[in-house]
Amino acid sequence: DTGVSQNPRHKITKRGQNVTFRCDPISEHNRLYWYRQTLGQGPEFLTYFQNEAQLEKSRLLSDRFSAERPKGSFSTLEIQRTEQGDSAMYLCASSLGQGALGELFFGEGSRLTVL
Amino acid sequence: GDSVTQMEGPVTLSEEAFLTINCTYTATGYPSLFWYVQYPGEGLQLLLKATKADDKGSNKGFEATYRKETTSFHLEKGSVQVSDSAVYFCALSDPRNDMRFGAGTRLTVKP
């Protein structure tokens with residue numbers, strides 16, 4: 001399967017712990033996006049990369065959140081000092097090209113539960 | 001900022017019924033508009049898109065027309081099937097290339 005891959009699929013952690021999610025995009029895609037989705041809501045934009053450059057960050061991305069894409073391939077999203085409000089599905093998507101024609105290819109998500 | 005508002009669900013229909021899911025948008029520029037679908041246990045996937053006013057996107061029997069005058073992009077299907085049961089998300093792509101999603105509408109089709 002050469003789609004977008006995310007892991008772990010589910011993470012349960014205690015409040016205050018750090019967690020890291022990994023996303024492997026479709027190999028030729030230069031854009032990579034992170035979204036957060038809570039129950040009954042649509043995905044909320046967090047940040048995106050073009051190659052290794054992080055071009056946009058949402059106000060939702062507090063200083064406890066950091067994302068990297070060091071070699072322009074896979075990406076990691078780290079959440080430090082997790083809070084119960086961080087419980088959500090974290091979605092990664094990738095796309096090819098510059099423009100807003102925007103077919104995003106999504107992974108199945110990483111579900112975070114903070115106890 | 002740019003946003004989309006879509007019809008609240010859930011929507012329950014009988015097989016072969018006509019489907020409409022309303023979506024309206026607010027944008028300062030000229031966004032591209034999309035419908036994504038999420039089947040149970042799967043990731044979101046693109047259903048159809050339209051990149052300019054009066055364009056009609058279509059796929060798998062679903063259609064949506066980009067209406068600038070009413071700022072709408074309603075999703076329609078003439079005859080739904082049980083396999084269409086899913087959550088449908090309206091979305092727009094703004095000039096900064098962020099994709100903004102609506103809250104989603106859950107459709108259940110009963111045999």
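Letters A, B, ... are given to chains in the order of the sequence lines, protein chains preceding strands, and every chain is numbered from 1. Basis for what follows: all heavy atoms, side chains included, without hydrogens, waters or symmetry-related copies.
- L55(A) does not touch chain B: none of its heavy atoms, backbone or side chain, sits under 4.5 Å away.
- V87(B) and Y90(A) are members of different hydrophobic clusters when ILVMFWY side chains are connected at heavy-atom separations under 4.5 Å.
- Per-residue counts of heavy-atom pairs under 4.5 Å with chain A were compared for G104(B), A103(B), G41(B), G9(B); the largest is that of A103(B).
- Residue Q6(B) does not touch chain A at all, counting heavy-atom pairs closer than 4.5 Å.
- Contacts of Q37(A) with chain B are made by side-chain atoms alone, with heavy-atom separations under 4.5 Å and no backbone atom involved.
- In the displayed structure, E16(B) atom CD is contacted under 6.0 Å by at most 12 heavy atoms of other residues, nucleotides or ligands.
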Could you please spell out the steps behind the side chain to side chain contact (heavy atoms under 4.5 Å, CB included) verdict for L46(B) and L104(A)? CA-CA 7 Å; L46(B) 179 67; L104(A) 300 186; over 6 Å; no
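- Hydrophobic cluster membership differs between V37(B) and V4(A), with clusters built from Ile, Leu, Val, Met, Phe, Trp and Tyr side chains linked at under 4.5 angstrom.
- Here the closest non-hydrogen pair linking F89(B) and G42(A) is CE2-CA, 3.6 Å.
- At a threshold of 4.5 Å between side-chain heavy atoms, the hydrophobic network of Ile, Leu, Val, Met, Phe, Trp and Tyr places V4(B) and Y66(B) in one connected group.
- The structure places OH of Y48(A) at 11.5 Å from CE of M99(B), a figure rounded to the nearest 0.5 Å.
- Outside the 6.0 Å centre-distance limit, the rings of F101(B) and F45(A) are not counted as a close aromatic pair.
- Residue L47(B) is not grouped with residue Y36(B) when hydrophobic side chains (ILVMFWY) are merged at heavy-atom distances under 4.5 angstrom, including chains of intermediate members.
- One hydrophobic cluster, built from ILVMFWY side chains closer than 4.5 Å, holds both L60(A) and L77(A).
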